[in-house]
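Report on one structure; see the data block that follows.
A, B, ... follow the sequence lines: proteins, then strands. Residue 1 opens every chain. Small disclaimer: the values here were computed from a predicted structure and weren't measured.
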Amino acid sequence: MSRYEPLKIEAKWQERWETEQSFVAVEKAGVPKMYIAEMFPYPSGAGLHVGHVRNFSIVDCLARFYRQNGLNVLRPFGYDTFGLPAENYAIKTGVSPQEATETNIASFRKQLKRLGYAIDWSREFSTSDPEYYRWTQWCFLQLYKKGLAYQAENYQWWCPVDQTVLANEQVEGGRCWRCGSEVEKKKMKQWFFKITEYADELLDEIDALDWPEKIKTMQKNWIGRSEGAEIDFAVDGSKEKIKVFTTRPDTLFGATFLVLAPEHPAVEGLANDDTKQKVDQYRTEAMKKSDIERQENKEKTGVFTGAHAINPATGEKMQIWVADYVLMGYGTGAIMAVPAHDGRDFEFATKFELPIRKVVEKPETLVDDEICYTGEGELVNSGNFDGEQSSEAREQIVAWLEQQEVGKKKVIYRMRDWLISRQRYWGAPIPIAYDKDGKAHAVPEDQLPVILPKIDDYTPDNSGRSALAKHPEWMEVEIDGKKMTRETDTMDGYACSSWYLWRYCDAHNNKKAWSPEKVNYWAPTDVYVGGDHAVAHLLYVRFWCKFFADQGLLDFREPVKKLLYNGYINAPDGKKMSKSKGNVIDPLDIIDQGYGADTLRTYELFIGPYDLDAAWDTKAIGGVYRFLNRCYNLTFGEGENSKGEAQVKAPLTEVARHRTIKKVTEDLHRNSFNTAVAALMEFVNELYKNPHTSEDLTVLARLLKPFAPHLASEMLEKLGADDVWPEWDEKYLVSDTVEIVVQVNGKLRARVMVAKEAADDAAQLEEAVRADEKVKAQLEVKQVIKVIALPKKRLVSFVIK
RNA sequence: GGGCGAGUGGCGGAACUGGUAUACGCGGUGGACUUAAAAUCCGCUUCCCAAAAGGAUUAUGGGUUCAAAUCCCAUCUCGCCCACCA
C-alpha cells in the first residue's frame with residue numbers, strides 16, 4: 001500500500017500546472033466571469049508568513065470553487081513594491097531597492113508556487129516596474145489635467161525619523177504609521193489629490209456596498225460629513241469678519257463669546273497693546289505642543305484677545321478668545337461658543353467666568369440634572385424664534401442669516417485632500433517639472449515614464465527633499481524646448497495601489513494603462529480579500545474608480561463588489577507574531593516538515609471563521625493532516641483502513657454524500673470555510689465506517705479540491721474523474737421515517753421515529769407522537785392544555801398542567 | 001466620552017430564518033494492533049450523581065414566547081474604531 005507523501009504529490013502537480021499554464025485567464029464572451037483578488041502584498045525580506053497564507057488561501061479556495069463551477073475566473077497576483085522598508089534597508093546595507101525587491105519577489109514567487117495557488121502568472125507585475133509606474137504617472141497627469149492634483153503650501157504632518165510628510169491616514173494617534181515616532185507639523189508646499197471632490201459620493205454609496213459593517217462605519221467616520229452653517233461675526237470697531245462653522249445654528253442667540261484656534265491667522269490683528277504679550281506667548285506655546293500633548297491635557301486653557309465681536313442675532317458684544325481646544329484643521333478654525341448647550345464651551349465659560357445663556361428648553365420629561373443641555377428642545381431667549389423646536393429652528397435661522405448675508409448653509413468634512421508627496425527616493429516620481437520661474441508643468445505623456453534613476457546614496461539630506469535632489473543631472477529636463485527642473489518628490493505608495501486592480505485585467509498593455517473593453521469585462525472585482533487598509537487604500541481605490549468612470553475609462557463607479565476582511569493569525573500565545581519576539585511561524589517550515597501545502601492551506605481555513613483573529617495551534621494542524629491522510633487512504637489504500645468498494649449501492653453513504661455536497665456548496669457560498677472543512681471530515685468519517693463506492697470518493701475529491709488541490713488532483717487522477725463541481729439531489733435528503741423531537745413544557749422528553757407521510761401532516765404527526773410509550777407516560781397524569789405540532793421543524797411541543 | 005461588535009466545554013469553535021446546545025478539530029482518556037514505541041484503527045470526553053433515571057448549563061439578572069445561545073431591557077467583561085470635530 002502506498003503512503004500519503006504530500007511533498008511528492010505537490011511537486012508533481014505544481015509542475016503540471018506550470019507547464020500547462022492551467023490558470024491563464026482569457027476573456028470569453030457570454031461566459032460569466034469571476035474576478036477574485038487579495039490585497040497584493042509588500043514583498044518584504046522576511047518572505048511569506050502564515051498570515052499571508054490565510055489571506056491567499058481564502059482567495060484560492062474561492063477561485064478554484066468558482067472555476068470548478070464553470071465560471072471564467074481571473075485570479076491574478078502582483079506586488080506592492082514601493083515603500084520605505086526597501087529604502088531603509090538600502091540605507092543600512094547598500095543593497096539597492098531595485099535589487100532587494102527583485103530578490104524578495106523571487107522568493108515570494110517560489111513560496112507561492114509551493115503553496116499551489118491557482119494564479120494567472122502571465123499577469124504578474126510589481127508597482128516599481130517602470131512599465132507599471134509609467135501608467136501611475138499617467139494617472140497622476142489625468143488628475144492634474146482635471147485640477148484634481150494640485151499643489152498647496154500648508155502645515156503638514158512630518159515624520160522626523162522617516163524624513164517625509166505623511167497623509168492624515170498615515171498618522172495614527174499622533175504617530176507615524178511606519179516607525180511609530182511622534183509626528184510634527186511642518187509648513188511645506190506639497191502635492192494633493194482632491195479626494196474631497198468625491199466626498200459626498202464616497203459617503204452616500206457606502207451603504208449599498210456588500211462590505212463588512214465595521215469597514216463601512218470606519219469609512220463613514222473618516223469622511224465625517226457634518227451639516228451646519230457658516231456664520232460671519234463682525235469684529236467690533238473693525239472691518240474684519242470672523243467666520244465660524246457650527247452644526248447648531250439654532251443656538252445662535254446663546255453664543256456668548258468666540259474662540260479661535262491658536263494658529264488662526266486673525267489672532268495677530270485682534271490683540272491690543274495690553275493683551276499682545278500674553279496672546280503671543282499662548283500661541284507660541286500651543287503651537288510648540290504636539291497633538292499628543294494637546295490631547296493629553298484636556299484641562300481648558302486660553303487667553304482673551306482684547307477684541308470683541310458682534311453677535312449677528314442679538315447685536316451684543318462678545319469677547320474673542322484664543323484656546324487650543326479649537327482646532328485649526330477643522331471647520332474654519334473658529335467657533336461661536338454656546339456654553340449653555342455645549343459641554344466644552346460650558347467648561348471653558350465656567351473656568352473663565354464668561355456669560356452663559358440658555359436658549360434651548362429641556363423637555364420636561366427629561367429629569368436630567370446636567371446644567372449644560374446638548375439635546376433638542378423648545379427655543380427661549382431667541383427673539384422671534386422663541387417657541388420653535390430647535391431642530392426646525394436650524395433651517396429658519398440659517399435662512400434669516402442668508403437674507404442678511406451674514407451666514408449660509410454649509411457642509412464640511414473631516415476628510416482632507418490626500419497628500420501624496422513623499423520626500424523619499426523609493427517611489428514613483430511625480431511627473432512634473434518646474435520652469436525657471438518655479439511654475440509647475442506636466443511632463444508630456446509621451447515622455448513617460450519618468451524613470452527613477454539608480455543612485456548610490458539614498459539618505460535624505462535633511463532639506464525636506466528626497467535623495468533625488470542630490471542628482472542635478474537627473475533633475476535637468478527639457479520640455480517643449482525649455483530647460484526645466486524635475487520634481488524630486490515621489491508619490492505615496494497608495495497611489496500605485498489605487499489602480500492595480502484594473503491593470504491586472506490588461507497587465508502588459510504598453511499603449512494604455514488599460515483597455516476599457518478588457519477592464520469592463522473583468523472588473524469590478526467580485527471578491528476582494530484582505531486584512532488591512534480599512535480606510536486609506538479602500539477609500540482611495542473608490543475615489544480613483546469614480547474619477548476614471550467620469551473620464552469614460554471605466555463603466556462602473558465602485559471597484560469592489562464584495563469585500564472579505566480576514567483576521568490575523570497570531571502566535572500560539574495569542575500575541576502578534578513578530579520577528580523581534582521570535583514567535584514567527586514560517587509556512588515553508590510547516591510544508592517541509594512533511595505536512596505539505598495542502599495541510600497548511602486546509603488548516604488555515606479550518607482554524608476558525610475567516611474574519612476572526614486566530615491563534616496558531618501547532619498541534620491542531622496534525623488533525624488536518626490526519627484528515628487528508630484518511631482521504632488519501634480511502635482512495636489509494638487496499639482495504640486495510642477502509643471498508644472498500646461496496647458491491648451494492650450503499651444508501652447510507654449516498655445520503656451522506658448528497659448532504660455533504662449541499663453543505664460544502666452552501667458553506668462556500670457564504671464564506672464559511674471552517675464548517676465546510678468540518679463537513680468534509682464528517683463525510684470521511686462516514687466513509688470509514690460504511691462500505692462506499694468510487695462515486696463517494698469522486699465527490700469527496702471534487703469537494704476537497706478548493707482546499708487541498710494537489711491531493712484532490714491526485715485522487716481524481718486515480719479515479720479517472722474530472723473536477724466538475726458536483727450537485728446534490730434533495731431526494732436523498734429525505735428518508736421514509738423521520739425523527740420527531742417531543743417537548744413537554746419546553747423540555748425535550750422524547751425522540752420518536754415517525755413515518756415521513758404522517759410526519760408531514762400536523763394532525764397525523766400529533767397522533768403518531770401520542771402513541772409513543774414514553775410520550776404517553778409524560779402526558780398520562782396531567783391535562784394537556786396546548787399542542788403545537790410543527791411538521792417542518794420535526795417537532796411537537798406539549799403544554800401540560 | 002461617543003459608536004460598533006463579541007462573550008457557548010480544558011482549548012479553537014458549530015448551531016445559517018427562535019425549535020434536538022456543545023457539530024468538526026485539538027487536548028485528555030480507555031481499548032485494538034505491536035516484544036515495545038511511533039503510526040494507524042475503534043470507543044468515551046459540558047457539568048453534577050457510583051451507574052441508570054434525573055437535574056443543571058450558552059458572561060450575569062430580568063422580560064417576551066408553547067419554545068431563547070439566538071429577540072428585548074439592564075449590568076459586567078473583552079475587542080475594535082472615533083474622539084476637545086464645534
Using atom [atom1] of each nucleotide, how far apart are [N] and [M] to the nearest Å?
N	M	atom1	result
B/A67	B/C80	C1'	35 Å
B/A32	B/U70	C1'	43 Å
B/A14	B/A6	P	13 Å
B/G30	B/A68	P	39 Å
B/C48	B/U57	P	15 Å
B/U22	B/G13	C1'	10 Å
B/G5	B/U40	P	44 Å
B/G25	B/A15	P	16 Å

Syn or anti conformation of B/G30, syn meaning chi within 90° of 0: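 Anti.
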Pick the nucleotide of RNA chain B nearest each of A/Gly331 and A/Ala614; which residue has the one closer to the 5' end?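 Closer to the 5' end of RNA chain B: A/Ala614.
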More 5' along RNA chain B: A/Met218 or A/Lys786, using each one's nearest nucleotide?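 The answer here is A/Lys786.
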Mind checking [X] for me? I need base, sugar-phosphate or nothing, with any heavy atom below 4.0 Å counting as a touch.
X	result
A/Glu347	nothing
A/Ile788	base
A/Arg225	nothing
A/Lys792	nothing
A/Ile412	nothing

Indicate the ring-plane relationship of A/Tyr540 and A/Trp418, choosing parallel, tilted or perpendicular according to the 30° and 60° boundaries.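 Rings of A/Tyr540 and A/Trp418: parallel, under 30°.
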Indicate the ring-plane relationship of A/Trp616 and A/Tyr603, choosing parallel, tilted or perpendicular according to the 30° and 60° boundaries.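 Geometry flag for A/Tyr603 against A/Trp616: perpendicular rings.
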Atom [atom1] of [X] to atom [atom2] of [N]: distance rounded to whole Å?
X	N	atom1	atom2	result
A/Arg414	B/G2	CZ	P	18 Å
A/Leu612	B/C4	CG	P	20 Å
A/Tyr603	B/G13	OH	C1'	12 Å
A/Asp613	B/C80	CG	P	9 Å
A/Lys410	B/A86	NZ	P	15 Å
A/Asp345	B/G1	CG	P	20 Å
A/Asp611	B/G79	CG	P	18 Å
A/Arg416	B/C82	CZ	C1'	16 Å

Should the pair A/Glu230-A/Lys409 be classified as a salt bridge under the 4.0 Å nitrogen-to-oxygen rule?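 A/Lys409 and A/Glu230: not salt-bridged.
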Short N-O contact, A/Glu285 and A/Arg283, less than 4.0 angstrom: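 Between A/Arg283 and A/Glu285 there is no salt bridge, as every charged N stays at least 4.0 Å from the carboxylate O atoms.
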Report yes or no: does [X] contribute a side-chain atom to a donor-acceptor pair with the main-chain N or O of [Y] at less than 3.5 Å?
X	Y	answer
A/Arg794	A/Glu739	no
A/Arg54	A/Arg601	no
A/Asn583	A/Lys576	yes
A/Tyr632	A/Arg3	yes

Considering just the side-chain nitrogens and oxygens of A/Arg749, establish if one lies under 4.0 Å of OP1 or OP2 belonging to B/A67.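 So the side chain of A/Arg749 is outside the cut-off, no N or O lying under 4.0 Å from OP1 or OP2 of B/A67.
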Taking only the side-chain nitrogens and oxygens of A/Arg630, find out if one of them lies under 4.0 Å from OP1 or OP2 of B/C42.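 For B/C42, OP1 or OP2 has a side-chain N or O of A/Arg630 closer than 4.0 Å.
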Taking pairing as Watson-Crick or G-U wobble with both contacts under 3.5 Å, can you name the mate of [N], or confirm there isn't one?
N	answer
B/A14	none
B/A39	none
B/G19	B/C66
B/U77	B/A6
B/G1	B/C82
B/G27	B/U45

Which of the following nucleotides, B/C84, B/A14, B/A56, is nearest to the side chain of A/Leu327?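 Closest nucleotide to the A/Leu327 side chain: B/C84.
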Picking from B/A83, B/C84, B/A86, which would you name as closest to the side chain of A/Lys300?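 Of the options given, the side chain of A/Lys300 lies nearest B/C84.
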NZ or CZ of A/Arg414 within 45° of A/Trp222 ring axis and under 6.0 Å: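 A/Arg414 over A/Trp222 ring: yes.
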Where protein sits on nucleotides 21-26 of chain B, one letter per nucleotide: B base, S sugar-phosphate only, - none, heavy atoms under 4.0 Å: --BBSS
A/Phe348 vs A/Phe257, test: side chain to side chain contact (heavy atoms under 4.5 Å, CB included). Steps then yes/no. CA-CA 10 Å; A/Phe348 194 82; A/Phe257 56 100; 3.5 Å; yes
Side-chain donor or acceptor of A/Lys214 under 3.5 Å from a matching atom on the base of B/C81?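 No pair found.
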